[in-house]
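Read the structure below first, then the notes.
By convention here, the first residue in the shown sequence is residue 1.
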Amino acid sequence: MCISHWGNGQQYALYTQYMFNGLAINPAYAGSNEALNVTAFSRRQWTNVEGAPTTTGVSAHTPIKKESMGLGLIIAKDKITIFNQTSVNLTYAYHVPLAENKKLSLGLQAGFAHHNASYTSLTSKTPDDPARAASDINTWSPSFGTGAYYYTNRFYAGLSIPYLASNLLRTKNIRNEIHYQNNYFFATGYVMSLSPHVQFKPNLLVKYMAGNPIQVDLNANFLFKEVLWAGASLRSLNALSFLTQVNLTEQLKFGYSYDINLGPLSGLSKGAHEFVISYLFSFNRTNIDSPRYF
């Protein structure tokens, strides 16, 4: 009685702690730290829902040529029910000094992705269901991205399209196609001092993909004594997030966030968990005029 020809949904991985892992959404972020920075991240959405999205990965970036350029690498694996995607991307960024402590970075990203969809692992009560007859998808595709990132000691703003290539995946036996669309990101944030020991950092992230409504993340973080970040986010009235990051040392940082679903899955899902751990391999205090908040 009902036939669906098209379906639109999330394609790019979701990150609550984007403000602590800038390379995940913008290639121009590469080299913006004073030394080699390695970050590992893991996210599990909609816990208690079978086949819910999970994302794991690692990113690394470092400045080169006296900090005028940056190189980076990001590896990520997404899994949603029978669909798996593993992507590997190299990033390059050129940082242009505009004034004292103000820079504009322009970045490029290129790599590849491996797509796997295991249709043969599906179970059905209908023996001749055509979906079970579909062959598995197991293919590779190139990926490209670009971005711009402006930053000072206390302000940043970035615009990016991490994946420019619009890919088409299809099975051989039946007409089953997956179209990957461009994802557009705009992120900005500012740090202000409330007292000698408390910093306040509001953040904004706007995401858009063709065929889907614009998604807006509003975030507010407080930094206490340069050690503990604590804050909350509201995502388009569909999710409420609580997040924290602890600066265990001047080089090692650990972050955790918990999302509460406010949408249709609120009665089924127990929320989402996200972990981020970051390490700065070289730290030279004499080269830093003020603490870095991005």
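With S105 contributing its side chain and A28 its backbone, the two residues share a donor-acceptor pair below 3.5 Å. The main-chain N or O of W229 is found under 3.5 Å from a side-chain atom of T244 such that the two form a donor-acceptor pair. A distance-only check finds a donor-acceptor pair linking the side chain of H61 to the backbone of G31 [under 3.5 Å]. When atom types are taken as modelled, the side chain of S160 and the backbone of I25 share a donor-acceptor pair closer than 3.5 angstrom. In this structure a side-chain-to-backbone donor-acceptor pair under 3.5 Å is missing from N89 to F144. For the pair T47 (side chain) and G271 (backbone), a donor-acceptor distance under 3.5 Å is present. Side-chain atoms of S193 never come within 3.5 Å of backbone atoms of Q199 as a donor-acceptor pair (strictly under, hydrogens ignored). The backbone N or O of T91 sits nowhere less than 3.5 Å from a side-chain atom of Q109 that would complete a donor-acceptor pair. The closest donor-acceptor contact from the side chain of N37 to the backbone of Y279 lies under 3.5 Å. For Q245 (side chain) and F20 (main-chain N/O), no donor-acceptor pair under 3.5 Å exists by modelled atom type.
In this view, N116 and N84, H114, S118, N138 satisfy the side chain to side chain contact (heavy atoms under 4.5 Å, CB included) rule, not counting sequence neighbours. Remark: T55 pairs with D78 by the side-chain hydrogen bond (donor to acceptor under 3.5 Å, both in side chains) rule, at least two apart or across chains. Annotation: side chain to side chain contact (heavy atoms under 4.5 Å, CB included) contacts of S42 (sequence neighbours excluded): T56. Taking the side-chain hydrogen bond (donor to acceptor under 3.5 Å, both in side chains) definition, one finds that K207 meets it with Q215, sequence neighbours left out. Partners of R154 under the salt bridge (Lys or Arg N to Asp or Glu O under 4.0 Å) rule, at least two apart in sequence or in another chain, do not exist in this structure. Considering only residues two or more places apart in sequence or on other chains, F242 meets the ring pair (Phe, Tyr, Trp, His ring centres under 6.0 Å) condition with none of them. Applying the side-chain hydrogen bond (donor to acceptor under 3.5 Å, both in side chains) test to Y149 and every residue at least two apart in sequence or in another chain returns nothing. Not counting sequence neighbours, T86 has no partner by the side-chain hydrogen bond (donor to acceptor under 3.5 Å, both in side chains) test. Partners of H197 under the ring pair (Phe, Tyr, Trp, His ring centres under 6.0 Å) rule, at least two apart in sequence or in another chain, do not exist in this structure. For I214, the side chain to side chain contact (heavy atoms under 4.5 Å, CB included) partners two or more places apart in sequence, or in a different chain, are V206, Y208, V216. F222 pairs by the ring pair (Phe, Tyr, Trp, His ring centres under 6.0 Å) definition with F200, not counting sequence neighbours. Considering only residues two or more places apart in sequence or on other chains, F275 meets the ring pair (Phe, Tyr, Trp, His ring centres under 6.0 Å) condition with Y256.
One finds the NE2 atom of H115 at 9.0 Å from the CD1 atom of I137 (value rounded to the nearest 0.5 Å). Rounding to the nearest 0.5 Å places OG1 of T62 at 10.0 Å from CD of E34. In this structure, the separation between CG on D259 and CG on N261 is 8.5 Å, given to the nearest 0.5 Å.
Between L204 and L218 there is a side-chain heavy-atom pair separated by less than 4.5 Å. A heavy-atom distance below 4.5 Å is not found between the side chains of P53 and L14. Between N221 and L243, the closest side-chain pair of non-hydrogen atoms falls below 4.5 Å. Between I80 and Q45 there is no side-chain heavy-atom pair separated by less than 4.5 Å. At least one side-chain heavy atom of I277 sits under 4.5 Å from a side-chain heavy atom of L252. Between Y163 and N182 the shortest side-chain heavy-atom distance does not fall below 4.5 Å. In this structure, the side chains of V88 and L73 come closer than 4.5 Å at one or more pairs of heavy atoms.
Remark: K79 NZ is packed, more than 12 non-hydrogen atoms of other residues, nucleotides or ligands lying under 6.0 Å away. Crowding of F254 atom CZ: a count of heavy atoms from other residues, nucleotides or ligands under 6.0 Å exceeding 12.
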The test is side chain to side chain contact (heavy atoms under 4.5 Å, CB included); show your working for L262 and L237 and say whether it passes. CA-CA 7 Å; L262 304 178; L237 302 179; 5.9 Å; no
Please step through side chain to side chain contact (heavy atoms under 4.5 Å, CB included) for the pair E274 and F41, ending with a clear verdict. CA-CA 7 Å; E274 184 175 305; F41 51 91; 5.8 Å; no
Taking it one step at a time, do Y156 and N203 satisfy side chain to side chain donor-acceptor pair (under 3.5 Å)? CA-CA 9 Å; Y156 76 93; N203 298 278; 2.9 Å; yes
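Scanning all heavy atoms of the two residues, the minimum distance from P27 to A93 falls at O-CB, 4.0 Å.
Y151 and H95 have perpendicular rings, their planes meeting at more than 60° on a 0 to 90° scale where under 30° would count as parallel.
Hydrophobic clustering, with ILVMFWY side chains joined whenever heavy atoms are under 4.5 angstrom apart, keeps V227 apart from V198.
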